[in-house]
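Numbers restart at 1 for each chain; the letters A, B, ... are given by sequence-line order, proteins then strands.
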Number of protein chains: 2
Amino acid sequence: MSQVNLRIDQIHEAIERQDDVTLNNLLAEVSSSETARLIEASTPENRSVIWACLDVQKRAGVLKSIHGKVRQFLIDNTPQEALLESLFLLQPDELADIDEDLPGTVINAMIAAMDELRKRRYNSVKHYPDNTAGGLMDTDATAVRADVSVLSVLRYLRLLRNKEGEMPEQLDSLMVVDRTNKLLGVLPLSEVVSLPPDTLVADILDESFQAIPVDASQERVARIFVDCDLLSAPVVDHNYRLLGRITIDDVVDVIQEQADDKLLRSAGLESNADMFSPVLTSAYKRGYWLGINLITAFVAAWVIGLFEAVIEQLIALAVLMPVVASMGGVAGSQTLTIVTRGLALNQIGRSNIPQLIAHEASVVFLNGLVWALAVAAIALYWFGDPMLGVVFGMALMIVLVTGVIGGIFIPLLLQRMSIDPAVAGSVVLTTFTDAIGFFSFLGLAKLLI
Amino acid sequence: MSQVNLRIDQIHEAIERQDDVTLNNLLAEVSSSETARLIEASTPENRSVIWACLDVQKRAGVLKSIHGKVRQFLIDNTPQEALLESLFLLQPDELADIDEDLPGTVINAMIAAMDELRKRRYNSVKHYPDNTAGGLMDTDATAVRADVSVLSVLRYLRLLRNKEGEMPEQLDSLMVVDRTNKLLGVLPLSEVVSLPPDTLVADILDESFQAIPVDASQERVARIFVDCDLLSAPVVDHNYRLLGRITIDDVVDVIQEQADDKLLRSAGLESNADMFSPVLTSAYKRGYWLGINLITAFVAAWVIGLFEAVIEQLIALAVLMPVVASMGGVAGSQTLTIVTRGLALNQIGRSNIPQLIAHEASVVFLNGLVWALAVAAIALYWFGDPMLGVVFGMALMIVLVTGVIGGIFIPLLLQRMSIDPAVAGSVVLTTFTDAIGFFSFLGLAKLLI
């Protein structure tokens, strides 16, 4: 196992031995986001022990990057005074991300302790929904005018630094605005440091920059950053006035959260899942998904029930029928994955669906020929019944082709119904292929045997 | 459907109408990485038409961001002269990423046309494997000494700019080295522009920076960037000498490629899958996965075959048995997802596996009680056989609990065998839960009915 797995074991052992020195040394070595992962991977008791060992700085970092349910647990178990100390170290946009987990009294105390600038930045971020550019942005964009020289820009930045003590985090470029705060362009710091001091900003500003509308969804923000290889981008209102900037580290968090969310929800788990949430809570949430599956499984069972008399005559059908259903599920899943991914990448439109169907159906038809012959031969060898082999092979062919068609149309239909195909596609498809698989195999047997 | 789906349809329609003006206008509006997605989503004929409309700049961007198989197709269908023009616009590290798709004659012509600096940068990146920090880095790190002032740094950068014409892309910080090129620290440009000109670099350089060893895996690089919210990081050799720098846009590409790769491979598709690859090629690759599934499905069929006599006595068993297997699969998948995700985040170690088992088993046990009663009642109502209900409920309980245990141990075992649990976990688990489900249900029926 890797080094970090070892670390988790060492930490849990130190807790068990109540060896605070070792525990503190181990925790001092890991970054705050790694500490967040360690806390998530611990039982509630151990979470409290680890949390108690962290300094105010580390706690701030953990609060920022830990998953929802566990953050709630940590906040509920920290005295208000200590909590405020850590919160004070977070940026206004980071605070806005987590404040729904904070008790009202803490939020009030936090706002009361803010200076004017900080309060203004916090309020302006709170003004926009979390999952939009406005919720992601920070309002610390440093702006200059276009009619000044590089030397004046340098002087201005030095004054600003002198006044505020530090520069905004991850500052890679300045925004250029006019008198009314309308965005004119972007000025990379690499230009400021490398061009002659008498160069006018107006002559060097990058006008081909990407400005992000404040109400753009976070998905769109992520796409713009990735497509244009941006490090940061200005956020503007509908009149093109500068409101703030988004830096790529926030976008990376969005990309990772979205992928994680889809992974969890596709298995019927809640997003922000907690590995050690209370058993009753987990049981309730997971029971829901098991219940849905029970209904879909009974649909398949009902299809089988239609053919009880046929199975009674030939028990081999009962033995082989799961093979047909399962092969249909696999072939359909492959197409489903391609289509779902294509939908996420905006690659599927009316114009290429017919071509996609033709391609997928041809691929599966060729496979069907090969595997239908194979299973027919196996059935013949196993049960010595040539007609059973024919039925088995034909049913396999039917379920493979309909599975692929389902793999194309099910995500398209779900998308049209505004249901995320990455989350629900697999359940719906499996119900479909199971029903088709059992129906075609047992139905053909009834007709032909 | 969204705007971009419309765009794909408009483009395909313009191609069909042979309306080159509209086609060119449409293509001019989209970024090169979006163009890459459009080309991937087109049939080979349309790919050639779109490619022919692109200017040399756009082609360079497309070559950089298109998936492997389609890139090969485009390269094979472009005259050497035109290809070289686009390649000339790519950075050395980008060239190194795609040159395995280039014919030898093109590579030789490309290297012959490079100036000395470019050739050196290309060769130094080629020197390291693609999937390491060395393969990701660019060697254009701009370095300064520690014993100079901010003013000297500005003068040096202006000279450099004057000589080379432009600054490295996405430069947010300078590297500080000693006489032997050993890395001492990092100097953010935001410091250079905001501190008094007489400040010494030695007094302001950030020594708590993250340096990345040249042989670090790209996964580790991604983790460091995300954990530490970096925009760029220096790459060093084993003697801590500066070799280059990695910027976050390359890391974002790595993160996205890895997620995409796992998604595709978990459905038995090849990574870099091509939506419209030749039918025979696709059929061959996908047939492999269908074949594996056929074997696992026959394992389940074999288990059923052991109980033919029991089924013959009570056909209801054949009707209900897929329900048991399917519920086990769902419960196991939920745990599998949590464990696989935990392994990827290094959250699973010897010390918390027992707690994880206890938690998951309790959760599923509670659910088992509820759903076992439910299915028993359904079986009783459907078939009027109380003993069948008891057997059904008991089998469900067994398969749910063993499914969850499988969901924990299968990914751990696969990881120990160096098989990616995100790719193979689901197949192995389903085979396991199917076999256990059929065996427990039919076995209990044999014993008790």
Practice item. Kindly assign one of parallel, tilted or perpendicular to the pair Trp382(A) and Phe298(B), based on the angle between their ring planes and the thresholds 30° and 60°. Key: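 Rings of Trp382(A) and Phe298(B): tilted, 30 to 60°.
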Would you mind checking which part of [X] comes under 4.5 Å of any heavy atom in chain B, side chain (CB onward), backbone (N, CA, C, O), both or neither?
X: Met327(A); answer: both
X: Ala300(A); answer: neither
X: Leu336(A); answer: neither
X: Val193(A); answer: both
X: Leu171(A); answer: both
X: Leu366(A); answer: side chain
X: Ser32(A); answer: neither

Point to revise | side-chain hydrogen bond (donor to acceptor under 3.5 Å, both in side chains) against Ser426(B), all qualifying residues, sequence neighbours excluded | key: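 Expected list: none.
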Where on [X] is there a heavy atom nearer than 4.5 Å to chain A: the side chain, the backbone, both, or neither?
X: Ser31(B); value: side chain
X: Leu400(B); value: side chain
X: Met167(B); value: side chain
X: Val252(B); value: side chain
X: Tyr156(B); value: neither
X: Ser277(B); value: both

Check your understanding: With a 4.5 Å limit on heavy-atom distance, are the side chains of Ile315(B) and Ile315(A) in contact?
Key ->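 Of all side-chain heavy-atom pairs linking Ile315(A) with Ile315(B), at least one is under 4.5 Å.
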Point to revise | Pairwise side-chain contact, Leu160(B) with Ser194(A), heavy-atom cut-off 4.5 Å (strictly under) | key: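 Not touching, per the 4.5 Å side-chain cut-off.
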Review point. Out of Leu174(B), Thr430(B), Ile338(B), which one racks up the most heavy-atom pairs below 4.5 Å with chain A?
Key: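 Maximum pair count with chain A is reached by Ile338(B).
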Practice item. Considering only heavy atoms and a distance below 4.5 Å, find which of Leu159(B), Val339(B), Val226(B), Leu320(B) pairs most often with chain A. Key: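 Sorted descending by pairs with chain A, the first entry is Val226(B).
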Practice item. In plain terms, say whether Arg341(B) and Glu40(A) are close enough for a salt bridge, that is, a side-chain N and a carboxylate O under 4.0 Å apart. Key: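 Result for this pair is no, no salt bridge flagged.
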Check your understanding: Are any of the side-chain nitrogens in Arg161(B) or Glu191(A) under 4.0 Å away from the carboxylate oxygens of its partner?
Key ->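 Salt bridge present between Arg161(B) and Glu191(A).
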Exercise for review: Quick one: which of Leu317(A), Asp172(A), Val279(A), Asp249(A) has the most heavy-atom pairs under 4.5 Å with chain B, could you say?
Suggested key: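 So the answer, after comparing Leu317(A), Asp172(A), Val279(A), Asp249(A), is Val279(A).
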Check your understanding: Quick one: of Asp253(A), Ile248(A), Asp260(A), who has the most non-hydrogen atom pairs under 4.5 Å with chain B?
Key ->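 Maximum pair count with chain B is reached by Asp260(A).
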Point to revise | Distance-only polar pair, side chains of Thr43(B) and Asn352(A), donor-acceptor under 3.5 Å | key: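 No.
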Check your understanding: Please, which pairs that meet salt bridge (Lys or Arg N to Asp or Glu O under 4.0 Å) have at least one residue in residues 276-287 of chain B, sequence neighbours excluded?
Key ->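 Applying salt bridge (Lys or Arg N to Asp or Glu O under 4.0 Å) to every pair that reaches into residues 276-287 of chain B, excluding sequence neighbours, yields Glu360(A)-Arg286(B), Glu270(B)-Lys285(B).
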